[in-house]
Amino acid sequence: MRSSRVTDDLDDLEAAVAAVRRRVDARPEMALILGSGLGPLAEAAEDAVVIDTVAVPGYPRSTVQGHHGRLVFGHLEGRSVVFVQGRVHLYEGHDVRAVTFPVRLVHALGARRLLVTNAAGGIHPNLHPGTLMLITSHINLAFAHPPVDGPWVEGRGGRAGDPYDPAWLDQAERLALAAGLPVRRGVYLWTQGPSYETKAEIRAFARMGADAVGMSTVPEVLQAQALGMRVLGISTITNPAAGLGTEPLAHDDVLAVGRRTRSALERLVRDVVRTA
Ligand code: HPA
């Protein structure tokens, strides 16, 4: 049986859906996963119902400073959305199945689009701190993959091609340019972390074709793709990647630039949600 090794995960998912449904009967059209320093965007949600993820069976626990484990159901620009506030990462000791649990949950709750944001280090010289990068593709340098052969993909398994929806990306780019926001396209490279990269690694990643580097997003995106969801990924460039700037990297600086860029990101996210 192909599905037997994932049975416990499915049990978690059913219990998780039931726990959420006891609190809110929303059917979100879109899920938004928010990265470092960007979690407060969820405060923009109207009619918000906030569910602490510790109350959701099977939901992985977040431990990183600046990440709150909450699901915020509500409306943004008139659309029914769910914010996943406080994702978990491989570097916290979770496996990729746990990291992607929130995506399976929001899909089970009805979401068919995923908008995922993250903080990333800029590798391409045009990607200055404060730039928003629309993710065209990624490089999976953590070599990890979520489970895709369970019944939640109805036997279809992993999907070919890039998970990022080109039409949605084009639309987001038009909206960003119309709003005068600093936006670029680029390739996101996923490292497992938790260490920031060495200068030698960044030189290698640049030659591989990476424009930005970070420690999240790819597992969630792969899971969403396996579920047939439409995906848009936006990186906030928070720092020049290792060796490309003048200051050593520090998580506090990453959070600070994330906070400063929040209004541009919020504007873009609102426009994207309104027109989705
Ligand atoms: N490297 C990895 N992850 C990151 C970085 C970086 O430079 N900046 C923000 N997240």
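Counting convention: from 1, in listed order, for ligands and their atoms alike. Since the model is a prediction, treat every value here as computed from it, not as a measurement. For the numbers below, each heavy atom of this structure counts, side chains included, while hydrogens, waters and symmetry mates do not.
In this structure, the side chains of Leu109 and Arg21 come closer than 4.5 Å at one or more pairs of heavy atoms. Counting heavy atoms from C-beta on, the side chains of Val116 and Ile135 never come closer than 4.5 Å. Residues Val103 and Ile33 form a side-chain contact, since some pair of their non-hydrogen atoms from C-beta on lies under 4.5 Å apart.
Minimum interatomic distance between Gly122 and Leu244 (heavy atoms only, all atoms of both residues): O-CD1, 3.6 Å. When all heavy atoms are compared, the tightest approach of Tyr188 to Ala120 is CE1-CB, 4.0 Å.
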Exercise. Please walk me through it: do Arg267 and Asp271 pass salt bridge (charged side-chain N to carboxylate O under 4.0 Å, His left out)?
Worked result: CA-CA 6 Å; Arg267 171 73 199 269; Asp271 288 353; 3.2 Å; yes
Quick one: ligand 1 N/O to protein N/O pairs below 3.5 Å?
unit_1   : atom_1 : unit_2 : atom_2 : d
ligand 1 : 1 (N)  : Glu197 : OE1    : 2.8
ligand 1 : 1 (N)  : Glu197 : OE2    : 3.3
ligand 1 : 7 (O)  : Asn239 : ND2    : 2.9
ligand 1 : 8 (N)  : Gly121 : N      : 3.3
ligand 1 : 8 (N)  : Asn239 : OD1    : 2.7
ligand 1 : 10 (N) : Ala119 : O      : 3.3

